[in-house]
Amino acid sequence: MKVAMLTGGGDCPALNAVIRGVVRTISNQGGECYGLLEGWRGAIQGNAIPLKPQETDEILDKGGTILGSSRTNPYKKAESVQQLRESFARLGFDALVAIGGDDTLGVAKKLYEDFQFPVVGVPKTIDNDLDCTDYTFGFDTSINIVMESVDRLRTTAESHRRVMVIETMGRHAGWIACFAGIATAADYVLIPEEEVNVEEMCSVLKQRRAAGKKYGIVIASEGAKLPQEGLVTDTAEVDDFGHVRLGGIGKTLADLIERRTGIECRYVTLGHLQRGGPPSAFDRVLGTRLGIHAGRLVLEKKFGMMVALRGLKIVSDTLANAVGRNRELDLEFMREAEEFYKHV
Ligand code: F6P
């Protein structure tokens, strides 16, 4: 069996763990694996490299993806889908493992629906916003990066008696901000799923200062909306999948807090740091397990499916079930976090 794989969308810690898991599982049964370079772009161009199990032990701890990635959407141009199918046939592949977020898996789902394309999906994103899986790999690494950053920012915030606003990624879901907020004893957390109460936030920060706390930590998800400004975006540009680039709420918020509270304020946008570097142990294990199970689905020719984590088990579900729904933060986590930050 000749199996191709690709990684699409934003890179994410432990993509290489998944690749290694698929390669090992397919090779163990006598199959061959190939990597398509730079997401769907490589699939369209037929740009492939062989992947051998002996070479993949070295990639487990590497961040990013050895295959490269892109946000190319083959469905944007009708001829690209045809080219993709021709390249796939020319290279003699029997199956494709598509590792990516909702956009990448959306293409996989459509290819399966339109042509019965032999594809299996693996859900990926630091945002943890994919349906049908309890956690996506990359999320754990990302919240650890935010946590380490806030631990460092806290000491300088305290030295200068400042409020520090930390802007996190997460797109339209507050998983990263909320979990990082809990892990760092943040004074306030802003997420996209709930209306932001600026009055309350400023009052909490002022009351805590009056009670003797010499600094403040505010964690704001990039997709949170401010009552006056709405959604803050860096640019109006959209990618191949129609997503606007988020970013900028940290600065807006820092200005606002300083104006309203009189407390000196600084902001830090963690940006792509949250996706970089070696994956955590949790993500290495999760990525490896998802890769193994994706390989097994391919061997069993269970196409149009994707792997997922439910509880402690790796299960499978149809791409049709899993794709196209943004999984918002479970607000129970916010209610737990608020036990701390809504009281002085
Ligand atoms: O979906 C992952 C993510 O990192 C989001 O959290 C963020 O909004 C987006 O990708 C950034 O994308 P890019 O790397 O294209 O700037």
Side-chain angles (χ1 to χ4, degrees), residues 1-9 15 18-19 21-23 25-51 67 69-125 130-133 136 240-242 290-308 310 314-325:
M1 198 174 207
K2 221 170 150 186
V3 180
M5 66 195 87
L6 62 81
T7 52
L15 278 165
V18 180
I19 294 170
V22 177
V23 170
T25 308
I26 298 296
S27 307
N28 285 351
Q29 301 307 318
E32 286 173 68
C33 284
Y34 290 80
L36 293 164
L37 301 181
E38 296 156 16
W40 293 112
R41 190 191 298 147
I44 296 165
Q45 295 168 349
N47 199 2
I49 55 162
L51 294 168
L67 300 180
S69 192
S70 70
R71 295 200 189 273
T72 303
N73 177 1
Y75 275 96
K76 212 162 169 220
K77 287 193 204 140
E79 66 269 26
S80 298
V81 175
Q82 186 52 28
Q83 276 168 9
L84 183 153
R85 295 177 65 214
E86 281 166 14
S87 299
F88 199 76
R90 180 167 37 83
L91 293 167
F93 293 136
D94 300 300
L96 172 68
V97 178
I99 312 164
D102 203 57
D103 297 332
T104 305
L105 297 183
V107 172
K109 169 183 168 256
K110 206 156 165 28
L111 284 172
Y112 179 73
E113 284 170 356
D114 292 351
F115 311 105
Q116 289 290 293
F117 199 86
V119 62
V120 158
V122 181
K124 162 246 62 160
T125 171
L130 294 183
D131 219 17
C132 283
T133 187
T136 48
D240 256 17
F241 289 90
L290 290 170
I292 293 169
H293 285 263
R296 288 182 185 166
L297 284 181
V298 166
L299 291 167
E300 291 163 16
K301 296 193 168 48
K302 289 193 172 151
F303 299 123
M305 308 285 288
M306 65 162 234
V307 285
R310 300 257 172 81
I314 305 294
V315 300
S316 59
D317 208 330
T318 60
L319 283 165
N321 252 348
V323 171
R325 283 197 304 264

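Each residue takes its place number in the sequence, starting with 1.
- Taken from CE in Met1 to NZ in Lys301, the straight-line distance is 4.0 Å, to the nearest 0.5 Å.
- In this structure, the side chains of Met5 and Leu51 come closer than 4.5 Å at one or more pairs of heavy atoms.
- Residue pairs meeting the ring pair (Phe, Tyr, Trp, His ring centres under 6.0 Å) criterion with at least one member in residues 97-117, sequence neighbours excluded, are Phe88-Phe117.
- The salt bridge (Lys or Arg N to Asp or Glu O under 4.0 Å) check on Asp94 picks up nothing, with sequence neighbours excluded.
- Using a distance-only test at 3.5 Å, with no hydrogens or angles considered, a donor-acceptor pair links the side chain of Arg310 to the main chain of Cys132.
- For Lys77, the NZ atom sits in a loose shell: 12 or fewer heavy atoms of surrounding residues, nucleotides or ligands are nearer than 6.0 Å.
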>> Does Leu96 form a side-chain contact (heavy atoms from CB on, under 4.5 Å) with Leu36? I'd like the steps, not just the answer.
In response: CA-CA 9 Å; Leu96 172 68; Leu36 293 164; 3.8 Å; yes
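- A donor-acceptor pair under 3.5 Å is absent between the side-chain atoms of Thr7 and the main chain of Leu67, judged by distance alone.
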>> Checking Asp131 against Asn321 for the side-chain contact (heavy atoms from CB on, under 4.5 Å) test, could you report, in this order, the C-alpha distance in whole Å, the side-chain angles of both residues, the deciding distance, and whether it holds?
In response: CA-CA 8 Å; Asp131 219 17; Asn321 252 348; over 6 Å; no
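- Considering all non-hydrogen atoms of both residues, Arg90 and Gln45 come closest at NH2-O, 4.1 Å.
- Rounded to the nearest 0.5 angstrom, Ile292 CD1 and Ile314 CD1 are separated by 9.0 Å.
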> Do Lys124 and Val18 pass the side-chain contact (heavy atoms from CB on, under 4.5 Å) test, and can you show the C-alpha distance, the side-chain angles, and the key distance before you say yes or no?
Replying inline: CA-CA 10 Å; Lys124 162 246 62 160; Val18 180; over 6 Å; no
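- Judged purely by atom type and a 3.5 angstrom limit, Ser69 has no side-chain atom pairing as donor or acceptor with the backbone of Gly39.
- The side chain to side chain contact (heavy atoms under 4.5 Å, CB included) with Leu297 is formed by just one residue from the set Thr25, Val307, Val97, Val22; it is Val307.
- Of the charged side-chain nitrogens involved, at least one lies within less than 4.0 Å of a carboxylate oxygen, so that Lys109 and Glu113 count as a salt-bridged pair.
- For residues 26-51, the ring pair (Phe, Tyr, Trp, His ring centres under 6.0 Å) pairs, not counting sequence neighbours, are Tyr34-Phe93.
- Once rounded to the nearest 0.5 Å, the distance linking CZ of Arg296 with CD of Gln29 reads 9.0 Å.
- No donor-acceptor distance shorter than 3.5 angstrom exists from the side chain of Thr125 to the backbone of Gly101, with no hydrogens or angles considered.
- Glu38 has its side chain out of reach of Thr72: every pair of non-hydrogen atoms, C-beta onward, lies at least 4.5 Å apart.
- Between Lys2 and Leu91, the shortest heavy-atom contact is NZ-O, 2.7 Å.
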> Please walk me through it: do Thr104 and Leu6 pass side-chain contact (heavy atoms from CB on, under 4.5 Å)?
Replying inline: CA-CA 10 Å; Thr104 305; Leu6 62 81; 4.1 Å; yes
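- Contact record, Asp102 with Ala322: OD1-O, 4.4 Å, taken as the closest heavy-atom pair.
- Within the 4.5 Å cutoff, side-chain heavy atoms of Met306 are placed close to those of Pro123.
- Taking CG of Asp240 as the reference point, atom NZ of Lys76 lies at 4.5 Å (rounded to 0.5 Å).
- Nearest approach of Ala43 to Ser87, heavy atoms of both residues: O-CB, 3.5 Å.
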